[in-house]
Novice: 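First the structure, then my questions, so here it is.
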Amino acid sequence: MIKKYSYKKLSLLAFSAALTFTSCSTNKYAATNKIYKEQAKEFGETLATVPPPKQMIDSMPVNEQTFIGSVNFGIRKPNFVILHHTAQDSTAQTIKTFLIKKTETSAHYIVGRDGKVVQMVNDYLRANHAGAAKWGNDTDLNSSSLGIELDNNGNEPYSDVQISSLITLLSTLKTKYNIPSANFIGHSDIAPKRKQDPNNFPWKKLAEQGYGLWYDAVLQIPPPEFSPAVALRVIGYDVSNLNAAIIAFKRHFIQTNINPALSASEMMILFNLYKKY
Ligand SMILES: [Zn+2]
């Protein structure tokens with residue numbers, strides 16, 4: 001879900017952005033693509049500098065530290081995929097938001113209602129989509145994940161063509177970066193106190209294809225000592241606010257009666273999932 005900005009503020013910003021665009025007649029995104037390229041180039045230069053800038057150990061004298069470049073290394077890869085709904089009315093609107101500096105928000109991909117995919121940040125770069133979030137002990141999900149925005153206002157069904165496109169995209173990403181099935185999760189899972197997206201999302205359908213986990217058809221009654229808080233924590237939820245964690249769990253896996261109470265059958269689902277993580 002994309003943070004809301006006042007319409008007045010956004011239109012002002014969009015107006016100034018539009019002024020920049022008009023100076024480039026052929027591609028209306030030429031100006032922002034130029035900014036993207038310059039920023040990416042700066043990161044490239046930082047990576048190529050020897051010794052790496054700003055990586056000295058502060059508390060140690062300079063003559064006691066050396067940098068010698070190894071010949072064996074690679075580039076870090078994303079290990080999670082975080083799904084969002086845009087809470088906006090069109091892909092164009094979301095693109096506009098992601099091109100305005102002031103919003104400080106972005107995602108790697110937007111999947112439109114029509115199934116068309118727009119990539120806005122290189123997979124190897126960090127997009128600003130997760131915000132303050134936690135999953136397991138990972139507190140910097142922006143650094144470890146790819147963010148995918150589904151063009152959806154949050155109160156409407158996702159079209160078949162949109163989900164089918166999403167699955168094609170996920171298949172590519174899963175293979176390319178070797179992302180575990182369990183690591184395809186939603187924004188509400190990693191930020192239960194703040195976020196509700198993606199809402200009414202077909203998680204079961206995705207899990208059947210290997211993107212996210214789902215519970216079995218046959219369930220067992222958990223033992224008396226079973227603790228929902230421990231189970232939610234093992235799955236990955238931030239349980240510092242247990243009610244918020246239960247609500248996020250139910251939004252993902254139950255999708256009805258989204259409240260902080262767990263019925264006997266919901267406890268069975270939680271117990272089943274806890275054993276899978
Ligand atoms: Zn979101």
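Both ligands and their constituent atoms are indexed starting at 1 by order of listing. Remember, it's a predicted structure, so these values are computed and weren't measured experimentally.
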Novice: Taking all atoms of both residues into account, what is the closest heavy-atom pair of His108 and Ser145, and its distance?
Specialist: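 That closest heavy-atom pairing would be CE1-O, 3.5 Å.
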Novice: I'd like to know if the side chain of Gln88 pairs up with that of Thr97 as donor and acceptor (distance under 3.5 Å, no hydrogens or angles considered).
Specialist: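 Their side chains do contain a donor-acceptor pair, which is all the 3.5 Å distance test asks for.
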Novice: Going by atom types only, do Arg113 and Ser159 share a side-chain donor-acceptor pair under 3.5 Å?
Specialist: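 No, Ser159 and Arg113 have no side-chain donor paired with an acceptor closer than 3.5 Å.
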Novice: Check the surroundings of atom NZ in Lys204: do more than 12 heavy atoms from other residues, nucleotides or ligands lie under 6.0 Å from it?
Specialist: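 Open.
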Novice: For Asn79 and Tyr177, does a side-chain donor sit closer than 3.5 Å to a side-chain acceptor?
Specialist: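 There is no such pair between these side chains.
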Novice: Suppose the cut-off is 2.8 Å; which protein N/O/S atoms would you list for the Zn ion (ligand 1)?
Specialist: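 Metal shell, protein only: Met1 N, His84 ND1, His187 ND1, Asp197 OD2.
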Novice: Apply side chain to side chain contact (heavy atoms under 4.5 Å, CB included) to the pair Val81 and Asn183, showing each step before the final yes or no.
Specialist: CA-CA 6 Å; Val81 168; Asn183 290 4; over 6 Å; no
